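Heads up, the thing below is written out as structure tokens.
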Amino acid sequence: MKRPRRNHEKEHPEPEGVRTTTGNEADCDCSILHLPEACLAHVISLTTPADACRSSAVSTAFQAAASSDPVWEHFLPPGYRSILARADHPVDLTTSKKELFLSLAQDHVLVDQGTKSFWLDRTSGAKCYMLSSRSLVIAWGDYPLYWRRIYLPDSRFASMISALTSKFFLLAGHIERRELSPNTKYAVYLVFRLEDETYGLHCPTQEAHITTGDQVAKRRVSLYPRTTQAGEGEQGGRAEEDSTLSYPREREDDWMEVQLGEFYNHQEDTEVVDFRLLEHVQLHWKKGLMLEGIEIRQKN
Amino acid sequence: MEVDKGKGEAEETRKVAEADRDTVTLKSSDGKLFEVSKEAAARLSTVLAGMIAGGSIDDNGTDLKQIGSEALENVVDYCNKHANSIPSAALISSSISFNTAPFKEPEEWERKFVDRLSHDALFDLVEAANFLGMERLLDVTCHKISEMMKGKSPDQIREVFNIKNDYTKEELEEIRQELAWAFYDD
């Protein structure tokens with residue numbers, strides 16, 4: 001009798017009907033280890049990347065199943081190859097799928113001529129992006145009197161944009177929903193740094209808009225940490241994220257981020273999500289914003 | 001060549017039903033016979049579909065030497081329940097290849113079906129589903145096991161499945177360091 005096609009475990013040399021074991025089964029009635037490795041791998045592929053990593057510490061048999069390519073191919077997002085084909089520097093696809101997943105979760109990959117960076121959320125495998133400041137629409141962005149292009153060694157992009165002075169303030173970017181993972185909640189962040197001398201960036205009429213279809217979610221955004229404004233003793237500003245007002249916080253990579261809003265990416269959506277940061281009411285002079293980009297990542 | 005248990009019954013069955021009947025008889029490794037709807041068997045199992053199409057179904061009971069009677073009973077039970085439930089479009093189109101198709105959450109009756117099984121019965125059913133090429137049943141049973149693992153520490157997983165840790169201390173430490181981010185809870 002032929003084995004089913006999907007049964008792609010390693011060939012078992014034992015005669016059919018004899019139970020194969022995948023591990024150290026001595027004096028143990030752990031019958032889960034009697035399952036063919038492909039079945040155990042299928043079980044693990046229905047958990048999450050974090051569960052798979054933890055299960056590799058259970059026993060050597062679990063480790064073998066939890067490291068197998070089918071498991072991590074399942075965790076890699078559908079269509080990852082076509083995204084990696086857009087990488088500025090070729091990504092090594094000859095490694096194991098687990099290594100590929102973990103490397104994409106650890107480090108971002110520049111795609112689309114350095115205008116975006118792409119990586120995976122390591123706990124879920126959701127697709128995440130940062131849009132470079134150069135790829136955003138910036139009001140007066142082409143006028144060197146107001147904005148200039150600078151080169152920083154710790155920017156992930158080749159160059160970034162910095163506000164010299166600006167009155168009218170509008171930054172806008174967008175992403176197609178099909179570029180993101182389905183059925184996933186995303187949050188959008190402005191990633192930036194403040195120069196030594198800044199002004200005008202805490203304006204209470206500074207707003208972020210997230211537009212999905214005909215819905216616009218708005219919130220006020222300060223680019224200064226909460227402490228400087230509220231005068232609390234504590235320095236460094238914890239993240240303050242409620243649905244009406246955002247304050248920035250420090251990131252592990254020494255940049256700062258402030259949440260512009262969040263949205264849910266449904267499976268069937270094909271449209272574009274648009275995000276913008278604007279101040280067009282008071283028109284204060286603004287200065288000292290170094291802009292790395294806009295990050296769209298899974299909200300955990 | 002095969003055990004003769006239950007053969008009398010089988011012969012009775014055979015006399016009544018000829019080639020065109022709408023069920024098939026399956027024989028477990030321990031010689032027990034089970035009837036299952038031919039339509040459901042062919043729809044749910046690639047292996048049985050191949051055997052039915054290839055004419056290698058034995059009216060005396062098709063030998064499934066790898067599957068014990070308890071697991072085969074569950075297989076047949078699943079096929080019958082499946083035939084009776086209103087199959088959603090998702091289930092019908094679920095014959096896309098392993099690991100590329102997104103997993104479809106079990107329906108309520110499928111959940112109940114696997115929830116009542118003991119660990120051993122569940123593992124045996126996974127093997128049977130795997131052997132028979134029953135994609136959906138394999139998904140549903142493996143999903144049930146995966147639910148028992150989710151969010152658990154290695155120690156808890158060992159406890160749930162009664163597994164011995166066969167790592168040395170050093171090996172375990174190496175794994176934990178390499179994947180430190182995943183070990184948030186112990």
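Sequence lines set the chain letters: A, B, ... in the order given, protein chains first and strands last, and positions in each chain run from 1. Values reported hereafter were calculated over all heavy atoms of this structure, with side chains retained and with hydrogens, waters and symmetry mates removed. The model shown is predicted, which means the values in this text are computed figures rather than measured ones.
With a threshold of 4.5 angstrom between heavy atoms, B:Ile145 approaches chain A through its backbone and through its side chain.
Around atom CD of B:Glu173, more than 12 heavy atoms belonging to other residues, nucleotides or ligands sit under 6.0 Å away. Crowding of B:Glu174 atom CD: a count of heavy atoms from other residues, nucleotides or ligands under 6.0 Å not exceeding 12. Within 6.0 Å of atom CD in B:Glu70, 12 or fewer heavy atoms from other residues, nucleotides or ligands are found, so the atom counts as exposed in its surroundings. Atom NZ of B:Lys112 has 12 or fewer heavy atoms from other residues, nucleotides or ligands within 6.0 Å. Surrounding CD of B:Glu171 are more than 12 heavy atoms belonging to other residues, nucleotides or ligands, all under 6.0 Å away.
The line from CG of B:Leu138 to SG of A:Cys39 is 5.5 Å long, rounded to the nearest 0.5 Å. The CZ atom of B:Phe161 lies 10.0 Å from the CG atom of A:Leu33; values are rounded to the nearest 0.5 Å. From B:Asp124, atom CG reaches atom OG of A:Ser31 across 7.5 Å, with rounding to the nearest 0.5 Å. Between the NZ atom of B:Lys152 and the OG atom of A:Ser55 there is a distance of 12.5 Å, given to the nearest 0.5 Å.
The nearest pair of heavy atoms linking A:Ala57 to B:Leu172 is O-CD1, 3.3 Å. Counting all heavy atoms, side chain and backbone alike, A:Ser59 lies closest to B:Tyr167 at O-OH, 3.3 Å.
Counting only heavy atoms from C-beta outward, the side chains of A:Asp51 and B:Met149 never approach each other to under 4.5 Å. Side chains of A:Ser56 and B:Leu179 form a contact here, defined as non-hydrogen atoms less than 4.5 Å apart. For the pair B:Phe123/A:His34, no side-chain contact is recorded, criterion being any heavy-atom separation below 4.5 Å from C-beta on. Taking 4.5 Å as the limit, some side-chain heavy atom of A:Ile32 sits within range of a side-chain heavy atom of B:Ile163. At a threshold of 4.5 Å between non-hydrogen side-chain atoms, the residues A:Pro36 and B:Asn130 count as touching. At least one side-chain heavy atom of A:Phe62 sits under 4.5 Å from a side-chain heavy atom of B:Ile157.
No donor-acceptor pair under 3.5 Å is formed between the side chain of A:Arg54 and the backbone N or O of B:Ser153.
Under 3.5 Å, the side chains of B:Asp139 and A:His42 contain a donor-acceptor pair of N or O atoms.
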